[in-house]
Each structure stands twice: as structure tokens, then as C-alpha cells.
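Some notes on the structure that comes next.
Below, all heavy atoms of this structure are taken into account, side chains as well, without hydrogens, waters or symmetry copies.
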Amino acid sequence: VPGFRKGHAPRKTIEKLYGEGIFFEDAVNDVYPGALQSAVEEAGLEIVCRPEVEVTEVSKEKGVTFKATCTVKPEVTVKDYKGIKASKDVEEVTDVDITAEIDRRRERNARTVDVEGRAVENGDIVNIDFEGFLDGVPFDGGKGENFSLTIGSGQFIPGFEEQIIGHNIGDEFDVNVTFPENYHAEELKGKPTIFKVKLHSISTKELPEADDEFAKDVSEFDTLEALRDHLREECKADKEKQAQKEFEYHVLEKLVEQTEFDIPPAMVDYERDRMLQEYNSNFAGGGMSLEQYINMTGATVQQFLDSLREDALLNIKKGLVLDAIAKQENVEVTDEDVDAYATKLGEGYGMSLTEIKSAVPTDNLEGGARVDKAARILYDAAIHGPAEEEKKEETAEKTEDAAE
């Protein structure tokens with residue numbers, strides 16, 4: 001305001017210049033969240049996404065009146081959730097499984113050695129400079145220097161890595177490729193391009209021999225045979241855990257299929273947007289954009305969003321049936337239950353119990369623990385058996401249908 005230092009103009013002067021409503025928006029934003037929360041609690045509503053707020057009246061004399069349109073969690077009743085049948089088929093541990101695990105450990109303990117006197121082969125690691133040209137003009141994002149690339153990794157667009165095979169250190173050559181039709185950069189979709197490439201070095205991984213010395217280096221065991229026996233037990237436990245996880249997935253899936261839902265579209269949109277934000281954060285942390293990931297899958301952005309919406313709908317249904325079980329079973333949680341849930345959540349994010357409890361609101365942790373206990377009631381009451389028995393039952397049903 002002319003004549004006053006910044007932040008020192010009297011309120012009445014500002015209102016006279018700009019009207020008394022100049023402060024209303026900030027005032028309403030300060031006031032309505034608390035008023036809305038009180039109204040929601042008073043009405044006993046459980047809202048599931050951000051309300052749409054419409055201010056109907058605001059003045060210094062009468063205060064503010066607003067209308068909030070809220071999407072509430074739908075009521076779901078689950079029936080016959082005890083005794084659901086699902087297959088549980090634990091795979092046998094084979095020598096191939098153990099050898100594959102040994103090879104993974106050899107891969108982790110491999111050393112990289114320079115290669116001289118031969119051309120690039122599939123599986124080699126090359127160090128290259130490259131620059132891409134579209135119609136003779138360099139394009140954004142098409143240049144790299146001293147770039148490390150494993151041939152056969154599929155890190156670059158199809159056809160690029162294969163054309164490096166057969167070249168020697170010091171070679172300068174052209175790589176001719178055509179960008180995929182579903183590439184994320186619009187100006188490059190389906191376009192033929194030329195990459196100028198210079199090959200600086202070739203290296204390869206040298207794996208240690210799978211012998212007793214290797215076993216001593218990577219474990220507390222003195223012989224390779226003892227290490228293999230230990231890995232066999234670990235593998236058995238992993239396959240049992242995986243079979244249990246798949247069993248639980250199918251149990252919950254069957255309960256969802258037999259339950260009726262009336263889910264508001266806004267609830268699905270909200271969950272989809274939350275999942276999308278999570279995807280973006282995860283990929284950003286890994287140095288990759290969401291667009292790059294979508295391009296790698298071969299899908300369009302719209303196809304990805306449609307798929308994400310389906311996943312969001314399934315997530316909501318699963319949450320609703322477990323919440324309904326918790327209500328019907330009058331599930332209550334203890335401090336130990338909350339800590340167990342927080343610990344499990346922390347493992348997924350690489351965070352300690354203390355870190356998770358500081359980062360996640362207590363209400364959220366208690367709600368998660370409550371749903372976990374409801375899920376355990378569901379799974380413990382389910383009936384499992386070998387997958388073959390379930391297949392026989394399905395075959396018998398189909399035979400009866402055909403006879404009818």
C-alpha cells in the first residue's frame with residue numbers, strides 16, 4: 001500500500017482500498033477444516049476422500065456458512081467368510097533351485113575384468129559415448145558420455161545393443177534404430193534415428209568357482225555341500241511362505257467375488273491417485289520416470305491408468321471386506337498388535353519401528369493392525385489343500401454341467 005512499509009498498512013486502509021472481503025478467503029481456509037471435522041464427527045460419518053466445499057455465505061457479521069459434499073465409506077456385509085476353500089500347493093525344492101541360488105551368490109561376488117584382444121560379445125559391459133540424431137539434428141536426451149551398458153540388458157531401445165556386438169575398442173560407428181510407436185516422447189514415436197557411437201572399453205564379469213573355498217568366503221560353512229544343504233532348508237521355508245501367501249490371496253479374492261459392493265466412483269479415483277503418487281515417488285527414487293516405466297511395459301498411458309483404476313477398485317474391495325469382518329468380530333487391537341503391524345510396515349520401507357511410528361499417524365497404525373487381525377481370522381478359518389484336488393473338483397463340476 002503506497003505510503004506504508006510492507007506489512008504495516010492498517011487493516012481498515014486495506015479494506016477501504018480492496019473491499020472488506022480481501023481477507024475472507026484466508027479466514028475461511030483457517031476456519032472451515034476444524035468446523036468440517038466437528039460436523040463429520042457429530043454426524044458419525046466415515047469419509048473416504050477430500051470433501052467438495054462450497055461457501056454459501058461469508059461476512060463479518062454472520063461468519064461463514066459452507067456446504068460440504070462428502071463421499072462416505074459404503075456399508076458392506078460379508079457372509080460365509082469362514083471355511084472358504086482355496087488351494088495351497090507347496091512346490092518341491094529341486095537341485096535346479098539350489099544351483100540357481102548358488103549362481104546368484106556367485107553373481108553377487110563376481111569381479112569385473114577388462115577385456116582386450118576381442119570384439120564385444122553378448123553379456124559384456126561396454127563403456128560408450130553416444131549421440132542420437134533425428135533427420136540429421138541432435139535431439140534432447142539422446143546424448144551420453146562414458147555410459148556403462150550391459151549388452152543384452154534391454155536398457156536401450158530394441159536394436160541398439162545388438163549393433164554394438166562385434167565392434168572393438170576404439171571403434172566409431174553408427175547405430176540405426178527406430179523408436180517404438182508407444183515411446184513416451186511424442187516427437188520420437190516410430191521415428192528412424194541414427195546414433196553416433198564410440199566404444200571406449202569392454203569388460204566382463206568373472207564369476208568365482210562353486211567349490212568349498214567359495215562356500216567359506218560367502219557363508220559360515222566349510223564345504224559347498226554343507227552350504228547347499230543349508231540353502232535347501234531356506235528354499236523350503238521360502239516356498240512354504242510363498243504358497244501361504246498365494247493361498248491367502250486366493251481366499252481373499254474368493255470372498256471379494258462372493259460379496260456385493262456399491263462403491264462410489266470418487267472413492268476409486270482417490271485410491272487410484274494415491275497409487276499413482278506412490279508410483280511416481282518410487283520411480284523417482286530409483287532414477288526412472290513413470291513415463292519410462294510405462295514405455296518399458298509396452299502400454300499406453302491410458303492403458304496404464306485404466307489398469308491402475310482396476311487395481312484401486314480391487315484394493316478398496318479387499319479393504320472393505322476385511323473392515324467388515326473386523327466389525328462383525330468386534331476386533332480390538334493391543335499395543336503389541338500395533339507394534340507388530342508397524343514392524344511389518346517398516347520392513348517394506350526399510351525403516352525401523354521407531355521411524356515408522358514417528359512417520360505414520362497412530363490412528364493409521366491402529367487401523368492397519370485391526371485389518372491385519374481380521375485377515376488372520378479369515379485365513380485361519382479357511383480350508384486349504386493341494387491344487388490338484390481343486391482341479392479335480394472343477395473337472396467334476398464341468399462334467400456334471402455337461403451331463404445336465
Query raised in the report: Closest heavy-atom contact between Asn122 and Gly152?
Result: OD1-CA, 3.5 Å
Query raised in the report: Given Arg370 and Asp337, is the salt bridge (charged side-chain N to carboxylate O under 4.0 Å, His left out) satisfied, shown in steps?
Result: CA-CA 8 Å; Arg370 186 167 172 269; Asp337 295 327; over 6 Å; no
Query - N-O pairing of Glu329 and Lys82 below 4.0 Å - result: yes
Requested in this report: Verify salt bridge (charged side-chain N to carboxylate O under 4.0 Å, His left out) between Asp339 and Lys357, making sure each step is shown before the conclusion.
Outcome: CA-CA 8 Å; Asp339 284 352; Lys357 293 183 80 169; 2.8 Å; yes
Query - Passing candidate, side-chain contact (heavy atoms from CB on, under 4.5 Å) with Val120, options Leu199, Ile125, Val115 - result: Leu199
Query - Side-chain heavy-atom pair Val197, Asp129 within 4.5 angstrom cut-off - result: no
Query raised in the report: Just how far is it from atom CG of Asp103 to atom CD of Glu107, taken to the nearest 0.5 Å?
Result: 8.5 Å
Query raised in the report: So do His200 and Ile169 actually touch side chain to side chain, heavy atoms under 4.5 Å?
Result: no
Report task. Look up atom CG in Leu345 and atom CG in Leu353, then write down how far apart they are to the nearest 0.5 Å. Result -> 10.5 Å
Query raised in the report: Hey, mind stepping through Tyr249 and Lys245 against side chain to side chain contact (heavy atoms under 4.5 Å, CB included) and telling me if it holds?
Result: CA-CA 6 Å; Tyr249 174 85; Lys245 187 181 293 185; 5.9 Å; no
Query - Backbone N/O of Gln155 and side chain of Glu161: donor-acceptor pair under 3.5 Å - result: yes
**Report entry** Close side-chain approach of Gln258 and Val78, heavy atoms under 4.5 Å
**Finding:** no
Report task. Write down the atom of Glu260, the atom of Val76, and the distance for their closest heavy-atom approach. Result -> O-CG1, 4.3 Å
Query - His230 and Phe221 aromatic ring geometry - parallel, tilted or perpendicular at 30°/60° bounds - result: tilted
Query raised in the report: Any side-chain heavy atom of Thr71 sitting closer than 4.5 Å to one from Tyr270?
Result: no
Report task. Evaluate the criterion side chain to side chain contact (heavy atoms under 4.5 Å, CB included) for residue pair Ser358 and Glu355; output intermediate values, then yes/no. Result -> CA-CA 5 Å; Ser358 297; Glu355 289 171 331; 5.8 Å; no
Report task. Mark yes or no for whether Lys254, through its side chain, and Lys85, through its backbone, hold a donor-acceptor pair below 3.5 Å. Result -> yes
Query raised in the report: Nearest heavy-atom pair of Lys73 and Asp323: which atoms, and what distance?
Result: NZ-OD2, 3.7 Å
Report task. Might you work through the side chain to side chain contact (heavy atoms under 4.5 Å, CB included) test for Phe156 and Val175, ending with a clear yes or no? Result -> CA-CA 12 Å; Phe156 278 25; Val175 169; over 6 Å; no
Query raised in the report: So, the side chain of Arg111 versus the backbone of Glu206: is there a donor-acceptor pair under 3.5 Å, distance only?
Result: no
Query raised in the report: Under a 4.5 Å cut-off applied to non-hydrogen side-chain atoms, are Arg228 and Ile102 in contact?
Result: yes
**Report entry** Ion pair check, Glu347 and Lys344, cut-off under 4.0 Å
**Finding:** no
Requested in this report: State, without any angle test, whether Gln302 and Asp306 hold a side-chain donor-acceptor pair at a distance under 3.5 Å.
Outcome: yes
**Report entry** Distance, nearest 0.5 Å, that separates CG of Leu313 from CE of Met267
**Finding:** 10.0 Å
**Report entry** Backbone N/O of Arg105 and side chain of Asn109: donor-acceptor pair under 3.5 Å
**Finding:** yes
Query raised in the report: Considering all heavy atoms of both residues, which atom of Tyr341 and which atom of Asn364 are nearest to each other, and what is their separation?
Result: CE2-O, 4.4 Å
Query raised in the report: Are any side-chain N or O atoms of Glu121 and backbone N or O atoms of Ile165, one a donor and one an acceptor, separated by less than 3.5 Å?
Result: no
Query raised in the report: Are there more than 12 heavy atoms of other residues, nucleotides or ligands under 6.0 Å from atom CD of Glu234?
Result: yes
Requested in this report: State whether the number of non-hydrogen atoms from other residues, nucleotides or ligands found under 6.0 Å of Asp380 atom CG is greater than 12.
Outcome: yes
Query raised in the report: For atom CD of Glu220, is the number of surrounding heavy atoms from other residues, nucleotides or ligands below 6.0 Å larger than 12?
Result: yes
Requested in this report: Report yes or no: does Thr56 contribute a side-chain atom to a donor-acceptor pair with the main-chain N or O of Thr65 at less than 3.5 Å?
Outcome: yes
Query raised in the report: Between Asp171 and Asn168, is a side chain to side chain contact (heavy atoms under 4.5 Å, CB included) present by the stated rule, with each step listed?
Result: CA-CA 6 Å; Asp171 283 357; Asn168 293 282; 3.8 Å; yes
Report task. Report yes or no: does Ser153 contribute a side-chain atom to a donor-acceptor pair with the main-chain N or O of Thr150 at less than 3.5 Å? Result -> yes
Query raised in the report: So how far is it from Ile325 CD1 to Thr77 OG1, rounded to the nearest 0.5 Å?
Result: 11.5 Å
Query raised in the report: Can you name the nearest heavy-atom pair linking Ile383 to Phe247, along with the distance?
Result: O-CE1, 3.8 Å
Query raised in the report: Of Leu255, Leu322, Leu252, which meets side-chain contact (heavy atoms from CB on, under 4.5 Å) against Tyr81?
Result: Leu255
**Report entry** Interatomic distance, Thr259 atom OG1 to Lys79 atom NZ [nearest 0.5 angstrom]
**Finding:** 9.5 Å
Report task. Please tell me if the side chains of Glu172 and Lys196 come closer than 4.5 Å, counting only heavy atoms from C-beta onward. Result -> no
Report task. Could you tell me whether Arg232 and Asp95 make a salt bridge, using a distance below 4.0 angstrom between a side-chain N and a carboxylate O? Result -> yes
Query raised in the report: Hey, does the side chain of Ser307 reach the backbone of Gln303 with a donor-acceptor pair shorter than 3.5 angstrom?
Result: no
Report task. Could you go through the salt bridge (charged side-chain N to carboxylate O under 4.0 Å, His left out) check for Asp135 and Lys191 one step at a time? Result -> CA-CA 9 Å; Asp135 297 328; Lys191 298 292 179 63; over 6 Å; no
Query - Polar contact flag, side-chain donor to acceptor under 3.5 angstrom, Glu240-Gln244 - result: no
Requested in this report: Could you tell me whether the side chain of Lys373 and the main chain of Glu332 form a donor-acceptor pair under 3.5 Å?
Outcome: yes
Requested in this report: Using atom types as modelled and distance alone, determine if a side-chain donor or acceptor of Glu366 lies under 3.5 Å from a backbone N or O of Asp363.
Outcome: no
**Report entry** Sub-4.5 Å side-chain heavy-atom contact between Glu233 and Val93
**Finding:** no
Requested in this report: Could you tell me whether Glu131 and Lys198 make a salt bridge, using a distance below 4.0 angstrom between a side-chain N and a carboxylate O?
Outcome: no
Requested in this report: Verify the ring-centre separation between Phe133 and Phe195: is it less than 6.0 angstrom?
Outcome: no
Query - Spacing of Lys189 atom NZ and Thr178 atom OG1 [to the nearest 0.5 Å] - result: 15.5 Å
Report task. Indicate yes or no: at least one non-hydrogen side-chain atom of Val321 is less than 4.5 angstrom from one of Phe261. Result -> yes
Query raised in the report: Step by step, would you call Glu101 with Arg104 a salt bridge (charged side-chain N to carboxylate O under 4.0 Å, His left out)?
Result: CA-CA 5 Å; Glu101 181 55 36; Arg104 279 191 285 272; 2.9 Å; yes
Query raised in the report: For the residue pair Tyr279 and Phe304, does the interplanar ring angle fall in the parallel (under 30°), tilted (30 to 60°) or perpendicular (over 60°) class?
Result: perpendicular
Query raised in the report: Are side-chain N/O atoms of Thr334 and Glu336 paired as donor and acceptor at under 3.5 Å?
Result: yes
Query raised in the report: What closest approach, in Å, do Asp124 and Ala119 show between heavy atoms, and which atom pair accounts for it?
Result: OD2-O, 4.1 Å
